[in-house]
Amino acid sequence: MEKLNAVITGVGKYLPDYILTNDELSKMVDTSDEWIMTRIGIKERRIMKDPNKSTVFMGTQAVKNLLEKTNTKPEEIDLLILASVTPDYIFPASSNLIAYEAGLVNSFSFDSNAACSGFLFALTTASKYIQTGSVKKAIVVGAEKMSSLVDYTDRSISPIFGDAAAAVLLEPTTENYGVLDSILRNDGYGFKHLHQKAGGSLKPPTHQSIDNKEHFIYQEGQAVFKFAVTRMADISVEIMKKNGMTSKDITWLVPHQANIRIIEATAKRMDIEREKVMINIEKYGNTTAATIPLCLSDYESYLRKGNNLILSAFGAGFSWGSVYVKWAYDGK
Ligand code: UT7
């Protein structure tokens, strides 16, 4: 059998309408537009205000948008992987519900949780299924209702996160395009710096866990920042070198959008100028597993067949990774 690669053949997205600006946030906690823009680089973020709509709803909308844009029938999809830290339920898997809502009647699906690196882990996994020939069409969706985990009385967390969903379609090709390489890493040492304290089997919800605010994101920002800067930069350089490329060969760096300073440090280490870096953190904040497909969607019209993309992320776990993609179509 000829060697198969998994190519991205389309992108789709969903963004909630409500825009939470830095000015509105400044009325909720002791912060300012100036502090948030300087320290993080976020101007506004989208919030899913409707309490009856969450990750499954947003993921479903992104999948429907993708199917429509790529002129694909739902029954053609063989596999759907959802990357998310905010599934609707602990069980069943939210991917299962997204597949149902989107009419993917011939697919199997599962959730994958590698936090902010989740999209890269899921993309790599789906690519392997395509490469074996067992799956012809796969969807990878990153969907997050981060607002469900944010304490909006805490100024150290509330400016950072936003809600969104975005998805890509993967198909096989015998040409040299698509997901050509990936390096993925984990280090459980990082647990202590970034996690949700209660809600799982170790600490099921109790009145006390709610009173103690243990269902919100716990993050030691500076410690995470330090690791994010070095790990994301190192792994991005590693994948570039492993594939015999220099910064001149890279058309786009597609970084996880956690902090503009982390993005800039990664680009600097790779010697990539800012014009070649996809950045939309200002508009959406950190949407965890959705940031990278959301960037691809926002920049789709600039992408050309043959462009070399390095996708890079770092997040809770710790988990981090880099994926080398040779883009397969001209964006409109
Ligand atoms: O995506 C998953 C992985 N996560 C990340 O990559 C996040 C990595 N970390 C970061 O991006 C940054 O550490 C943060 C954005 C979370 C925080 O920025 P920082 O520059 O590390 O600030 P800090 O936590 O060291 O706080 C500096 C000061 C403190 O005041 P004092 O103690 O120096 O008086 C904070 O209380 O800034 C204060 N501060 C704020 N001031 C105004 C913290 N949050 C705010 C705020 N507005 N929103």
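We use all heavy atoms of the structure for the numbers below, so side chains are in, but hydrogens, waters and symmetry mates are not. When a ligand or atom number is given, it counts from 1 through the structure's own listing order.
- Under the 6.0 Å distance and 45° angle rule, Arg231 counts as a cation-pi partner of Trp320.
- Heavy-atom proximity to Asn259, at under 4.0 Å, picks out these atoms of ligand 1: 10 (C), 11 (O), 12 (C), 15 (C).
- Using a non-hydrogen distance threshold of 4.0 Å, Ile262 registers as a contact of ligand 1.
- The backbone and the side chain of Phe225 each have at least one atom closer than 4.0 Å to an atom of ligand 1 (non-hydrogen atoms only).
- Here the protein heavy atom with the shortest distance to atom 2 (C) of ligand 1 is Cys116 SG, 3.1 Å.
- From the protein, the heavy atom lying nearest to atom 23 (P) of ligand 1 is Gln222 NE2, 4.0 Å.
- In this structure, the ring of Tyr329 has its center no less than 6.0 angstrom from the ring center of Tyr177.
- Among all protein heavy atoms, the one lying closest to atom 47 (N) of ligand 1 is Thr31 OG1, 2.7 Å.
- Ranking the protein heavy atoms by distance from atom 38 (C) of ligand 1 puts Arg155 NH2, 3.7 Å first.
- No side-chain donor-acceptor contact under 3.5 Å links Lys213 and His215.
- For the 3.5 Å distance criterion, the side chains of Glu44 and Thr21 fail to qualify, holding no donor opposite an acceptor.
- A side-chain N or O of Ser95 and one of Asp111 form a donor-acceptor pair less than 3.5 Å apart.
- Contacts between Ile40 and ligand 1, counted as non-hydrogen atom pairs separated by less than 4.0 Å, involve the side chain only.
- Listed by atom number, the atoms of ligand 1 under 4.0 Å from His256 heavy atoms are 1 (O).
- In summary, the aromatic rings of Tyr152 and Phe216 are positioned with their centroids too far apart to meet the 6.0 Å limit.
- No hydrogens or angles considered: nothing links the side chains of Ser117 and His256 as a donor-acceptor pair under 3.5 Å.
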Could you go step by step and tell me if Lys43 and Asp33 meet the salt bridge (Lys or Arg N to Asp or Glu O under 4.0 Å) rule?
CA-CA 7 Å; Lys43 198 86 193 155; Asp33 176 60; 2.9 Å; yes
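- Looking only at heavy atoms of the protein, atom 4 (N) of ligand 1 is closest to Gln219 OE1, 3.1 Å.
- A chain of hydrophobic side-chain contacts below 4.5 Å, direct or via other Ile, Leu, Val, Met, Phe, Trp or Tyr residues, connects Ile8 to Val323.
- Here the heavy atom of the protein found nearest to atom 19 (P) of ligand 1 is Arg261 NH2, 3.8 Å.
- Of all atoms in ligand 1, listed by their number and element, those nearer than 4.0 Å to a heavy atom of Arg39 are 20 (O).
- You'll find the ring centres of Phe191 and Tyr218 outside the 6.0 Å limit.
- With hydrogens left out, the protein atom closest to atom 22 (O) of ligand 1 is Trp35 CZ2, 3.9 Å, a heavy atom.
- When distances from atom 29 (C) of ligand 1 to the protein are checked, no heavy atom turns up under 4.0 Å.
- Close to ligand 1: Asp30, with a non-hydrogen atom less than 4.0 angstrom away.
- Near Pro159, meaning under 4.0 Å from one of its heavy atoms, ligand 1 places the atoms 48 (N).
- Tracing side-chain contacts under 4.5 Å through hydrophobic residues (I, L, V, M, F, W, Y), one never reaches Ile98 starting from Ile90; they form parts of separate clusters.
- The proximity of Asn286 to ligand 1, defined as any non-hydrogen pair under 4.0 Å, is limited to the side chain.
- In this structure, atom 32 (O) of ligand 1 is not in close contact with the protein, since no protein heavy atom lies within 4.0 Å of it.
- Residue contacts with ligand 1: Val224 is placed with no nitrogen or oxygen under 3.5 Å of a nitrogen or oxygen of the ligand (distance criterion only).
- Ligand 1 has Ile160 within reach: a non-hydrogen atom of the residue lies less than 4.0 Å from it.
- Ser109 contributes no side-chain N or O that, together with a main-chain N or O of Leu80, makes up a donor-acceptor pair within less than 3.5 Å.
- Counting only heavy atoms, the protein gets under 4.0 Å from atom 11 (O) of ligand 1.
- Atom 9 (N) of ligand 1 has its closest protein heavy atom at Gly221 O, 3.1 Å.
- The closest side-chain donor-acceptor pair between Ser312 and Ser322 falls under 3.5 angstrom.
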